[in-house]
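I have placed the structure first, in the form of structure tokens, so that the comments after it can refer back to it.
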Amino acid sequence: MLSSTFCHIPGISEKTEQALWSSGVHSWSCPFPPTEVKLKQSTRNDWSHHIRESISHQENLTPKYFSDKLPSKELWRLYHDFQQVAAFLDIETTGLFGGDITTIALYDGVSIKHYVNGVNLHEFPNDIQNYRLLISYNGKSFDIPFIETYFNIRVPQAHIDLRYPLKSLGLQGGLKGVEKQLGINRDELNDVNGYDAVLLWNEYKKKGDKAVLDTLLAYNIQDTIVLHTLMVHTHNEKIKTTPFAKAYTLRKPELPQIPFKADFNIVRRVRMGSFGY
DNA sequence: TAGCATAGTCGGCTATCAAG
DNA sequence: CTTGATAGCCGACTATGCTA
């Protein structure tokens with residue numbers, strides 16, 4: 001799908017891209033655009049330059065080039081070509097505005113990494129540099145700014161925030177709301193939410209009970225695994241709106257084993273200990 | 001060739017929405 | 001309670017096409 005993309009080229013927006021597709025320009029292998037497609041002169045002049053640059057960034061696996069130029073509703077197009085350098089990301093914190101990061105989960109589609117405050121959280125700023133494409137839900141507003149403030153680092157990688165493409169597919173109401181609408185089942189973790197993660201952390205700090213931390217980590221990791229499913233869903237639904245669905249539809253992902261056991265009774269218990277429940 | 005109409009891009013504005 | 005991205009709208013600007 002990336003090599004059928006033209007709306008990252010200056011002067012080409014989605015309408016012109018549509019026109020290119022209809023006139024038979026389906027990929028970057030086209031040496032010059034047909035004259036019946038209306039283009040600015042400068043766009044026509046620089047055509048081969050932009051094509052060469054695009055091919056080179058595709059081959060070198062540098063999604064940032066495209067994420068800077070694409071309209072953000074089209075960032076889903078990056079996933080197929082850059083899966084190898086992508087990671088699904090989710091953080092848990094002690095509150096919505098400010099506070100500490102408690103745990104982080106990173107999932108690259110195969111293996112799972114997790115970080116715990118007071119244990120190995122400090123390794124995260126180094127590890128995150130191994131990925132060139134981050135995928136989150138509402139991470140552009142929450143996770144990434146939170147991480148940048150907390151560690152005092154910049155996280156400049158290309159970033160697909162699934163909140164927006166999912167909304168454009170009619171799926172909104174938060175991550176859990178979207179999962180419900182798609183019939184995704186989390187078993188033991190079905191009714192656990194972000195605030196429970198705050199309570200779990202507080203309880204773990206107070207008593208040091210490993211089973212409490214395990215439940216929190218299971219929840220944190222489950223979020224990133226769901227992101228994989230949602231990314232593939234988004235990709236496959238969006239590709240249907242292009243002429244390229246046949247060529248690029250992705251298989252449903254295999255779901256990995258979560259290396260921690262969640263216990264809903266623990267969630268029930270920490271809720272009892274906090275007012276509001 | 002000048003003058004006007006049209007189409008497409010792009011920037012600025014605002015209301016909405018999601019995260020622990 | 002905050003932060004940032006989005007769609008939708010509107011107006012400016014530019015390139016192109018049509019007509020006389």
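We name chains A, B, ... by the order of the sequence lines, and we start the count at 1 in each one. None of the values given here were measured: they were computed from a predicted structure.
Between the side chains of A:Lys238 and A:Ser168, at least one donor-acceptor pair of N or O atoms lies under 3.5 Å.
Here A:Thr94 lies out of heavy-atom contact (under 4.0 Å) with every strand. No contact: A:Asn220 has no heavy atom under 4.0 Å from any strand. Across all strands, A:Gly11 comes closer than 4.0 Å only to sugar-phosphate atoms, never to a base (heavy-atom distances). Within 4.0 Å (heavy atoms only), A:Gly95 reaches at least one base atom of the nucleic acid. Residue contacts shown for A:Phe146 are absent, as no nucleic acid heavy atom lies under 4.0 Å away. Nucleic acid contact class of A:Gly173 (heavy atoms, under 4.0 Å, all strands): sugar-phosphate only. Looking at heavy-atom distances under 4.0 Å, A:Ile144 makes no contact with the nucleic acid at all.
Nucleotide B:dG20 forms no Watson-Crick or G-U wobble pair with any nucleotide shown, as no partner meets the under 3.5 Å limit on both distances. Base pairing of B:dT1: its partner is C:dA20, meeting the Watson-Crick or G-U wobble criterion (both donor-acceptor distances under 3.5 Å).
B:dG20 atom P lies 12 Å from atom CZ of A:Arg163, rounded to whole Å. Going from atom CG of A:Asn193 over to atom C1' of B:dA18 covers 14 Å, rounded to whole Å. Rounded to a whole Å, the CG atom of A:Leu39 is 11 Å from the P atom of C:dG17. Between A:Arg44 atom CZ and C:dT16 atom C1' there is a gap of 11 Å when expressed in whole angstrom units. If you measure from atom CD1 of A:Ile9 to atom C1' of B:dT9, you get 15 Å, rounded to the nearest angstrom. The NE2 atom of A:His159 sits 14 Å away from the C1' atom of C:dT3 (whole-angstrom rounding). Atom CG in A:Asp161 sits roughly 12 Å away from atom C1' in C:dT3 (whole-Å rounding). The distance between atom NZ of A:Lys167 and atom P of B:dA15, rounded to the nearest whole Å, is 15 Å.
Closest contact between the side chain of A:Tyr164 and the listed nucleotides C:dG4, B:dG20, B:dT9 involves C:dG4. The side chain of A:Phe97 has B:dA19 as its nearest neighbour among B:dC17, C:dA15, B:dA19. Counting only heavy atoms from C-beta on, A:Tyr137 has its side chain closest to B:dA19 among C:dA15, C:dG4, B:dA19. Comparing C:dG4, B:dA19, B:dT9 by their closest approach to the side chain of A:Phe142 singles out B:dA19. Across C:dG4, B:dG20, C:dT16, the shortest atom-to-atom separation from the side chain of A:Lys38 is found for C:dT16.
Between A:Lys69 and A:Ser54 the shortest side-chain heavy-atom distance does not fall below 4.5 Å.
Between A:Leu96 and A:Ser141, the one whose closest nucleotide on DNA chain C sits nearer the 5' end is A:Leu96. Mapping A:Ser168 and A:Asn138 onto DNA chain C by nearest heavy atom places A:Asn138 closer to the 5' end of the strand.
A donor-acceptor pair is defined here as one N or O able to donate and one able to accept, closer than 3.5 Å; no such pair exists between the side chain of A:Thr241 and the backbone of A:Glu237. In terms of modelled atom types and a separation under 3.5 Å, the side chain of A:His26 and the main chain of A:Trp21 share a donor-acceptor contact.
Comment: A:Glu123 does not engage A:Lys113 in a salt bridge, judged by the lack of any side-chain N to carboxylate O separation of less than 4.0 angstrom. In summary, A:Arg268 and A:Asp191 do not engage in a salt bridge, as defined by a charged side-chain N under 4.0 Å from a carboxylate O.
For the OP1/OP2 pair of B:dA19 and a distance below 4.0 Å, the side-chain nitrogens and oxygens of A:Thr93 include no atom meeting the criterion.
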